[in-house]
A.B. asks: 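Below: one structure in structure tokens.
Numbers here are sequence positions counted from 1.
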Amino acid sequence: MATKPTKLWSGSGDNLLRDATALPLPDAQHSDDTPDGPLLIRWLLRSFERDPWTCTVLWIFLLAMAALPTLAPVAISDDWTYTASVRNLIDRWQFHILPVAAATQITQLFWGGAFGFLLGTSDGVMRLSTLVIVLISGCAFRAMLSQLGIPKRLAAATLALYLFNPIMFSISYTFMSDPHFVAWMTIAVWLYVKAEVEEREELLIPASALAALACLQRPHGALIPLGVATWYLVSGRLRIGDRPVQRLLRIGALPAIAMVIPFALHNDGLPSQQKLFLTQLQDAPASETWLLLRRMAVIETMYFGLFALPLVFGCARHLLLRADRARWWQTLSIGIGWMVIGVGGMWMWNQGKLMPYIPHFLGKGGPGSGDVRYTREPLFGPSFYMWFTIACGIAAGLVLLTFLTSPRKRASAQTGGAGIITAVLIWQAIGVLPQSFLFRNWIISLDRYLLPTLPLLLALLAYLLRDVRFDWLIATPVIALVMAFSIAGTRDILVFHENVWALARALNRAGVADTRLDAGYAWDAAHLWEFSYDNKIPAQTPDGSWWTSSYAQATDSTYVISGKPVPGYDVLSIHEISGWLQRKPVLLFVLRRTGAPPDGVTWPP
């Protein structure tokens, strides 16, 4: 049957008769200004149009993953500890966390296990699992900044400083426990902030579930709900008539349960390394505790300056103008704070300590953990690190200025979100102390212990700077320099370890057993820790390094791979490797103890 034509025009055409059957609704997924093509491409283009700055940061992170030797078959630093547990889970279907592990690791174990089940348990796949969770946390971090009302360009800059911080970026290319904890913590805090800003208390339960995952990664996860509860208490949200018990249960019940799980899964409770941290804390004399507290106060302050340096330098001129309008008590507080920072910096300077104070994943040789004898030469001369320390101190002073001169505004939901971040930041800053007691009389602490404060400090700082004018001609090049430095340095350390492990494998093929070889902490521990531990072997290297004394006691270090000649050893071969940041050639030396018989080993082969 013929369909009757629909009448569109009536009379002289002045009136348009709209008929739903004649004029179809436009496709919600298509418009004239949207390019044709696959749905993913259109979505990416629309995302770039909405927020080109954030998309640029995320794409650079993804491109770096593709360009760097992400899947390099090498372990870095403590990777061997956590990778061994994943291999036990996937290859033997056995839940076993090594007693030497410093982290609870359960979340990381199953996250890495999922990747291992699908792609294999190689060191490269484990590294990929870390990068994926860090990238997800970057998206959650950016969403948290949106919840706080941060302008897009400032939010993207803050995201770049989180993902490409030299410590955070280089450790993301490992299977260490730190980036996994920071990632889960960031995701959990984002959901707590979302619950606060949108006034949706039902989100507290999934937020606490994410905090529980952080607890199953490291004990410091308990500080997340503790920080949220602290803010609720300070802001008067736990009054008797406001159902305080129900709110506290929503905030912290699941993390509390998660803190008990390790005791049920581990036959002897905590891993031995965590027990060691607690023992060191309990046994420390009052004088050593007081010294560590003062040192860590200075160290955390200066690293806060390092983390925030590109942001505060980018608006320094406008911050100083705001300081001119400060009230007397603000001016007095700023002066006292700056004096304390200066005195603390000079105190450390007089002890011969310059930034970076506690190097592990950011040292004078660049980003990344070397863990080979004489790893890398410093990138710059001594005067550079003096000025670098001064710059970090100035940046820390500007951070203090930002906190003290931020205009007070009427309380809002976003203020509550910033309050949660502040409370969690304070607790995580305190949480750096317990594990530092182990190193109090040696290297004081490790830079990676400060990483939980990184996203919290940056988010809070961005919130306080959201109404401040930025000199983007200053801030953008500094941020770009940080990103390039992190990428190049991480590439260098991966290539460095690739060459170390290639030489170690070649020495194995030439007849050098692992019990006669020192190829650095990661190689030695990965190949000899279990053997040394199970057989209770005492240290066989009288003049060795800390790892041959504690993690690879079975090696006698007849052969050594080092970054320079070692006294008491003969040089067998020298190998130059590629380095983007180093101005001098990067060399690896294969050495043999002077007077040791070759025992049929021919080197070079």
Side-chain angles (χ1 to χ4, degrees), residues 73-84 87 98-102 123 272-273 276 360 365 369-377 438-439 441-443 493 496-575 577 586-605:
V74 299
I76 293 176
S77 195
D78 294 341
D79 283 6
W80 62 274
T81 310
Y82 309 113
T83 302
R87 288 170 181 162
L98 273 60
V100 75
D123 293 302
S272 59
Q273 194 73 6
L276 179 60
H360 186 189
S369 175
D371 290 333
V372 172
R373 296 199 203 186
Y374 304 109
T375 302
R376 295 171 295 178
E377 294 289 335
L438 179 64
F439 305 100
N441 295 321
W442 179 28
I443 54 176
I493 199 63
F496 181 87
H497 283 290
E498 275 189 305
N499 281 270
V500 170
W501 280 51
L503 283 172
R505 292 186 180 105
L507 284 164
N508 283 166
R509 291 192 297 270
V512 178
D514 288 324
T515 53
R516 304 186 64 205
L517 174 63
D518 175 11
Y521 165 53
W523 173 276
D524 291 3
H527 292 82
L528 291 175
W529 177 82
E530 187 173 7
F531 176 73
S532 302
Y533 180 82
D534 290 344
N535 294 281
K536 297 180 173 57
I537 298 175
Q540 301 297 301
T541 305
D543 54 350
S545 54
W546 57 267
W547 57 82
T548 58
S549 299
S550 302
Y551 296 97
Q553 296 92 329
T555 182
D556 62 14
S557 304
T558 300
Y559 292 82
V560 170
I561 299 175
S562 174
K564 63 170 62 173
V566 177
Y569 283 82
D570 299 325
V571 176
L572 299 184
S573 62
I574 304 174
H575 308 264
I577 63 176
V586 181
L587 303 176
L588 285 174
F589 292 78
V590 176
L591 312 172
R592 183 166 57 210
R593 191 184 300 276
T594 301
D599 292 335
V601 175
T602 301
W603 190 269

A.B. asks: To the nearest 0.5 Å, how far apart are CH2 in W80 and OH in Y551?
C.D. replies: 7.0 Å
A.B. asks: Rounded to the nearest 0.5 Å, what's the gap from CG on L503 to CD1 on I561? Could you check?
C.D. replies: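 So the gap between those two atoms works out to 5.0 Å.
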A.B. asks: Of all heavy-atom pairs between A519 and A504, which one has the smallest distance, and what is that distance?
C.D. replies: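 That would be CB-CB, 3.9 Å.
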A.B. asks: Step by step, would you call V74 with V500 a side chain to side chain contact (heavy atoms under 4.5 Å, CB included)?
C.D. replies: CA-CA 9 Å; V74 299; V500 170; over 6 Å; no
A.B. asks: Minimum heavy-atom separation for S557 and T548, please, with both atom names.
C.D. replies: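 Taking every non-hydrogen atom into account, OG-CG2, 4.0 Å.
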A.B. asks: Between CG of D123 and OG1 of T83, what distance do you get to the nearest 0.5 Å?
C.D. replies: 5.0 Å
A.B. asks: Apply side chain to side chain contact (heavy atoms under 4.5 Å, CB included) to residues H575 and N499 and explain how you reach the verdict.
C.D. replies: CA-CA 9 Å; H575 308 264; N499 281 270; over 6 Å; no
A.B. asks: Measure the spacing between OG1 of T558 and CG of L591 and express it to the nearest 0.5 Å.
C.D. replies: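 So the gap between those two atoms works out to 12.0 Å.
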A.B. asks: Can you name the residues that form a ring pair (Phe, Tyr, Trp, His ring centres under 6.0 Å) with Y533, not counting sequence neighbours?
C.D. replies: W529
A.B. asks: Take V566 and F589, measure what side chain to side chain contact (heavy atoms under 4.5 Å, CB included) needs, and give me the verdict at the end.
C.D. replies: CA-CA 9 Å; V566 177; F589 292 78; over 6 Å; no
A.B. asks: Taking the six-membered ring for Trp, is the centroid-to-centroid distance between W523 and H527 below 6.0 Å?
C.D. replies: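 Judged by ring-centre distance (under 6.0 Å), W523 and H527 do meet the cut-off.
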A.B. asks: If you measure from CG on L528 to OG1 on T555, what distance do you get to the nearest 0.5 Å?
C.D. replies: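 Between L528 CG and T555 OG1, I get 6.0 Å after rounding to 0.5 Å.
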A.B. asks: Which atom names give the shortest non-hydrogen contact between S562 and K564, and what distance separates them?
C.D. replies: OG-O, 2.8 Å
A.B. asks: Taking all heavy atoms of A525 and all of A552, pick out the closest pair and write down the distance.
C.D. replies: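 Smallest heavy-atom distance, with atoms named: N-CB, 4.3 Å.
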A.B. asks: Students often mix this up, so state it plainly: with edges at 30° and 60°, are the rings of W442 and W546 parallel, tilted or perpendicular?
C.D. replies: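 Perpendicular, since the angle between the ring planes exceeds 60°.
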A.B. asks: Closest approach of A510 and W603, non-hydrogen atoms and distance?
C.D. replies: CB-CE3, 4.1 Å
A.B. asks: Taking 4.0 angstrom as the limit, do R516 and D599 come out as a salt bridge?
C.D. replies: yes
A.B. asks: Please tell me if the side chains of S77 and H360 come closer than 4.5 Å, counting only heavy atoms from C-beta onward.
C.D. replies: yes
A.B. asks: Would you say that more than 12 heavy atoms from the other residues, nucleotides or ligands in this model lie under 6.0 Å from the CD of Q540, or not?
C.D. replies: yes
A.B. asks: Between CG of N535 and CD of Q553, what distance do you get to the nearest 0.5 Å?
C.D. replies: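 So the gap between those two atoms works out to 11.0 Å.
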A.B. asks: Got a donor-acceptor contact below 3.5 angstrom from the R376 side chain to the F496 backbone?
C.D. replies: no
A.B. asks: Testing D570, T541, V560, D556 one by one against R593 for a side chain to side chain contact (heavy atoms under 4.5 Å, CB included), which residue passes?
C.D. replies: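 The passing option is T541.
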A.B. asks: I need the minimum non-hydrogen distance between V512 and Y559, along with the two atoms involved.
C.D. replies: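 Scanning both residues completely, I find the closest heavy atoms to be CG1-CD1, 3.7 Å.
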